[in-house]
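Presented below is the structure to which this report refers.
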There are 2 protein chains.
Amino acid sequence: MTALDSFDIAILRLIQHDNRLPQREIGEAVNLSAPSVQRRIRRMEAEGVIAANVAQVLPEAVGLPLTIIVEVELLSETPAHIDAAKQRFRAAPEVQQCHYVTGEADFVLILAVASMSAYEEFTRRMFFESGNVKKFRTLVSMDRVKYGTALGF
Amino acid sequence: MTALDSFDIAILRLIQHDNRLPQREIGEAVNLSAPSVQRRIRRMEAEGVIAANVAQVLPEAVGLPLTIIVEVELLSETPAHIDAAKQRFRAAPEVQQCHYVTGEADFVLILAVASMSAYEEFTRRMFFESGNVKKFRTLVSMDRVKYGTALGF
DNA sequence: GGTCATGTGAAAGAATCTTGCATAAAAGCC
DNA sequence: GGCTTTTATGCAAGATTCTTTCACATGACC
């Protein structure tokens, strides 16, 4: 993965907020021609610097108004159990984000669910039936104050 | 905000993973003409159902390899203090996501920072100098197991 | 039945993306 | 220094995609 120069950074800064900006406009903003912008974007996509191009959907609009953050502590923390948990969480549709963390918990999950009962069902399925969860801590979001994947660079 | 039908849902399902899919291809996948797909996407953008169209940038690539999750508990929880905290967190470039939550904490932050010392500097600036933070709990991400804004619908 | 509102597809037009190519700057190498 | 190689650039043409127009179909409501 080759290093990014200031043009790449400037392009990323723009498209991480709006990836439908025409290449011509990006070019004007960063002082580059449209084809150059395009080649740089393609290169960064190929390198994985740009992980994905996505539309951000309002959770409420698709019937998932509840955002819930859960800290999960496992009983067994052997590599095999950790990996099994990762796979489980990754595969669960309710899980929007999942982090394997150091500190007082093993995992932090961010969920998008339809209701508290949907969350309860999730906890049964993912925490109790698996048999490897020691405890979990639930934090219900009242306000998604800041949301998205934009970075501060 | 008018309700979404099954076509809208099908379109969202596709573009929340790849918003550069040609309208023609989306149309073929959902059995609609390209102009129809386009009008639906426009409508959903205008209504806010589609909150944004963005490129997801790999944090490592732009010098922010550390993802840190912080739970923050405030001293004073008056509405004025809550709002002040929301503004502070929203404005901080390190803060990628911020949730105001019920439960054992007031806020959950997800940070993207360059290093542990950058994080320490952040805690000084945001937690100590503000004077309204009772305590905070730090969880450092070792693995972004699942990451993004895609929803499971 | 008639009217209105809404959504649709086909086709033309506009804008954007993509590629080929000649050139220029930078890097490596005698 | 002078040469070659590599890499990136802009221009312009071509291909693709997006956008608009328009006539038509469907269903709701009197």
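Please read these numbers as outputs of a predicted model, since none were measured by experiment.
Judged purely by atom type and a 3.5 angstrom limit, A:Asp106 uses its side chain to pair as donor or acceptor with the backbone of A:Leu74.
Put simply, CG on B:Asp5 is 10 Å from C1' on C:dG7, counting in whole angstrom units. Taking atom CD of A:Glu45 as the reference point, atom P of C:dC17 lies 12 Å away to the nearest angstrom. B:Leu32 has its CG atom 11 Å from the P atom of C:dA10, to the nearest Å. Atom CD1 of A:Ile26 is separated from atom P of C:dT18 by 12 Å (rounded to the nearest Å). Regarding A:Phe7, its CZ atom lies at a distance of 14 Å from the P atom of C:dA25, rounded to whole Å.
The terminal axes of the helix from C:dG1-D:dC30 to C:dC30-D:dG1, fitted over 5 pairs per end, subtend an angle of 30° to the nearest 10°.
B:Phe107 and B:Tyr100 have tilted rings, their planes meeting at an angle from 30° to 60° on a 0 to 90° scale. By the 30° and 60° cut-offs, the orientation of the rings of B:Phe127 relative to B:Phe89 is perpendicular.
Counting any heavy atom pair closer than 4.0 Å across all strands shown, B:Ser36 reaches sugar-phosphate atoms only and no base atom.
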Between the protein and nucleotides 13-19 of chain D, are there any N/O to N/O pairs under 3.5 Å, and if so, what are the atom names and distances?
residue, atom, partner, partner atom, Å
D:dT17, OP1, B:Arg24, NH2, 3.2
D:dT17, OP2, B:Arg24, NH2, 3.2
D:dC18, OP2, B:Gln23, N, 2.9
D:dT19, OP2, B:Gln38, OE1, 2.8
D:dT19, OP2, B:Gln38, NE2, 3.3
D:dT19, O5', B:Gln38, NE2, 3.4

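A salt bridge between A:Asp5 and A:Arg40 is present, with a side-chain N of the basic residue lying under 4.0 Å from a carboxylate O of the acidic one.
For A:Arg39 against D:dG10, a side-chain N or O and a base N or O form a donor-acceptor pair under 3.5 Å.
A:Phe153 CZ to A:Gln16 CD: the interatomic distance, rounded to the nearest 0.5 Å, is 4.5 Å.
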